Colleague: 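Have a look at this one before I ask anything.
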Amino acid sequence: MISSHDFKQINKYLYEIPRSFRADMRVPARFYADSELQKAIQGDRSLEQLVNTATLPGIVKYALAMPDMHQGYGFPIGGVVATQLPDGIISPGGVGYDINCGVRLLATQLEKEEAAPYLEDLASALYANCPSGLGKGGHIKLKPGELDLLVVKGAKWALKRGYATESDLERTEEGGCLEGADPGKVSDRAKNRGQDQVGTLGSGNHFIEIDMVDRIFDEPVATRMGIFHNQVTVQIHSGSRGFGHQVCSDYVKRLQKTIQQYGFSLPDRELVCAPLSSPEGQDYLAAMNAAANYAFVNRQLLTYHIRRSFEQVLAGKVKNHHVYQVYDIAHNMARIEEHEVDGRRIKVCVHRKGATRAFGPGSSLLPGIYRDIGQPVLVPGSMGTASWVLVGTEGSMTQTFGSICHGAGRVISRSKAKKAVRGAKLREELEACGIHVRVSSMSGLAEEAPSAYKDVDRVIEVVHGAGIAKKVARLIPLAVIKG
DNA sequence: ATGTCC
């Protein structure tokens, strides 16, 4: 158990566990928090897991964790680990089971008052049109072999099939198409699971939410993103479904078999990994990129279903029911990037697990429309609470390999939440707050109770205060659709 | 997160 005696405070929101804490640490571990958020992680193993990641071969600078951190598979969720190429490691546990789980923000030209009479119908239409729930299949059937093309082309596949616009792709991280995706490195079982699940929400903490813009913090940046006070927006939180899950399972198993030949001694089996330069490392990277492209397409097809839903309910009733894309970000990924370490620019593999890329202004990897303001970052809160739009800063580039948090972060486990909360009662409470709820599983709803999560506003205060992101807008929920 | 065991 790691206590406050084991770490030192670097500044108001940053703490460090020095390398001397454990003989096997290659770099110090740093985490962002305030006193309240520190208390929230005392009940789990996330700090120990953070220290464990500091032992990984090839890690540079620091093992990092964001203020929403909590216990995960091997790596903490909210963890950021960069390893130096060519021989630093890549680890499936540093990405997570839901490869390219992420968030897409869509915006309308409607103000809340204009949409209010139709919210009930919009919630029902979204629930009817966007398949959700565990193992659920979708409306869009792929021809045999088409999935291989889909995972290579990503959002470009959706564009060609009429499910996306050029503007959507420009407003998606990496244009919604990662290079180096190879379906030949993906098992038939993963493909079978993914075959009919594209364009589906899933379960757990995945959701579609209608929100309104509650507060603007940076008017010029918000205007650039097309965001204004009182505006109705839509958020999608989903990932790569059974496809990505199976890719992760397959490679965890395969890499466990090859781990000993590289002579790594790991403090936890779940940190299973391979050098990026190895055949297994390269194969996982290619399979992970395929799963990431699958997830981009998944959120794109959900966007298509959302647009159909708005059309069905609002056509002829409001002057403009168009749904625009603001941005789409991944928060479970490993990416090869260049970063400055000890005054030199080097190539690293940045694992962001429950962490979001947040590049500062001027990055050549940002689309022209957003290059001068920094990368838009979308941070959903827990159900019924606020969500945030931010931008990356120069500070995120120097402190965290251009990364910030991904959400509120759990405080208690799913199983504990299920025991403590009754789904039906929670639904009543949300409806009493004026939030329309559509949900297929009441126990699933209980697992996602706001009381099971940290306070997202506090998490945002930390990343903003630490200078690794800048607040742009705060959103509050009007309707939530869950699996 | 996830056809919560192939």
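Small disclaimer: the values here were computed from a predicted structure and weren't measured. In the text below, chain A, chain B and the rest are named by the order of the sequence lines, each starting its count at 1.
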Colleague: Tell me: NZ of Lys253(A) to C1' of dT2(B), nearest whole Å?
Modeller: 14 Å

Colleague: Grab the CG-P distance between Asp250(A) and dC5(B) for me, whole Å please.
Modeller: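 In whole Å, dC5(B) P and Asp250(A) CG are 16 Å from each other.
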
Colleague: Is the Tyr13(A) to Tyr32(A) ring centre distance short of 6.0 Å?
Modeller: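 Not under 6.0 Å, so no.
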
Colleague: Regarding Leu134(A), tell me which of base, sugar-phosphate or nothing describes its non-hydrogen contacts under 4.0 Å with the strands shown.
Modeller: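 If one applies the 4.0 Å heavy-atom cut-off, Leu134(A) turns out to touch a base.
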
Colleague: Please determine if Lys191(A) forms a cation-pi arrangement with Phe243(A), meaning its NZ or CZ atom is less than 6.0 Å from the six-membered ring centre and no more than 45° off the ring axis.
Modeller: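 Relative to the ring axis of Phe243(A), which defines the angle, Lys191(A) lies outside at least one limit.
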
Colleague: Taking atom P of dT2(B) as reference, at what distance in whole Å does atom CZ of Phe243(A) sit?
Modeller: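 Taking CZ of Phe243(A) and P of dT2(B), I get 14 Å after rounding.
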
Colleague: Describe the nucleic acid contact of Gly204(A) in one word from base, sugar-phosphate, nothing, applying a heavy-atom distance below 4.0 Å.
Modeller: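 Sugar-phosphate, no base atom in range.
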
Colleague: Whole angstrom is fine here: how far is it from NE2 in His237(A) over to C1' in dT2(B)?
Modeller: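 Rounded to whole Å, this separation is 14 Å.
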
Colleague: What is the separation between atom NZ on Lys136(A) and atom P on dT2(B), rounded to the nearest whole Å?
Modeller: 14 Å

Colleague: Rounded to the nearest 0.5 Å, what separation is found between the OG1 atom of Thr356(A) and the CG atom of Leu378(A)?
Modeller: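 Spacing of OG1 (Thr356(A)) from CG (Leu378(A)) equals 8.0 Å.
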
Colleague: Would you indicate what Arg414(A) reaches in the nucleic acid, counting non-hydrogen atoms under 4.0 angstrom: base, sugar-phosphate, or nothing?
Modeller: base

Colleague: Within the structure shown, what part of the strands sits under 4.0 Å from Glu448(A) by heavy-atom distance: base, sugar-phosphate, or nothing?
Modeller: sugar-phosphate

Colleague: Rounded to the nearest Å, what distance is computed from the CG atom of residue Asn100(A) to the P atom of nucleotide dT2(B)?
Modeller: 13 Å

Colleague: Just how far is it from atom CD1 of Ile336(A) to atom CD1 of Ile90(A), taken to the nearest 0.5 Å?
Modeller: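 Output value for this atom pair is 6.0 Å.
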
Colleague: To the nearest Å, how far apart are Arg241(A) CZ and dT2(B) C1'?
Modeller: 8 Å

Colleague: Side-chain N or O of Ser249(A) versus OP1/OP2 of dT2(B): is the shortest distance under 4.0 Å?
Modeller: no

Colleague: NA contact type, Gly242(A), heavy-atom cut-off 4.0 Å: base, sugar-phosphate, or nothing?
Modeller: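 Contact class for Gly242(A): sugar-phosphate only.
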
Colleague: Using a strict heavy-atom distance below 4.0 Å, which residues from residues 297-305 of chain A are in contact with DNA chain B?
Modeller: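 The stretch gives none, as no residue of it lies under 4.0 Å from the strand.
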
Colleague: Taking ring-ring contact (aromatic ring centres under 6.0 Å, His included) as the definition, give me every residue that meets it alongside Tyr62(A), ordered by chain and number, with sequence neighbours left out.
Modeller: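 Scan of Tyr62(A) (ring-ring contact (aromatic ring centres under 6.0 Å, His included), adjacent residues dropped) gives none.
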
Colleague: Contact class for Glu447(A) (heavy atom, under 4.0 Å): base, sugar-phosphate, or nothing?
Modeller: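 Counting heavy atoms under 4.0 Å across all strands, no contact is made by Glu447(A).
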
Colleague: So that I know where these two stand, are His237(A) and His406(A) an aromatic pair - ring centroids less than 6.0 Å apart?
Modeller: no

Colleague: Report the residues that fulfil side chain to side chain contact (heavy atoms under 4.5 Å, CB included) with Ala125(A), sequence neighbours left out, ordered by chain and then residue number.
Modeller: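 Applying side chain to side chain contact (heavy atoms under 4.5 Å, CB included) to Ala125(A) gives Asn129(A), Ser309(A), Gln312(A), Val313(A).
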
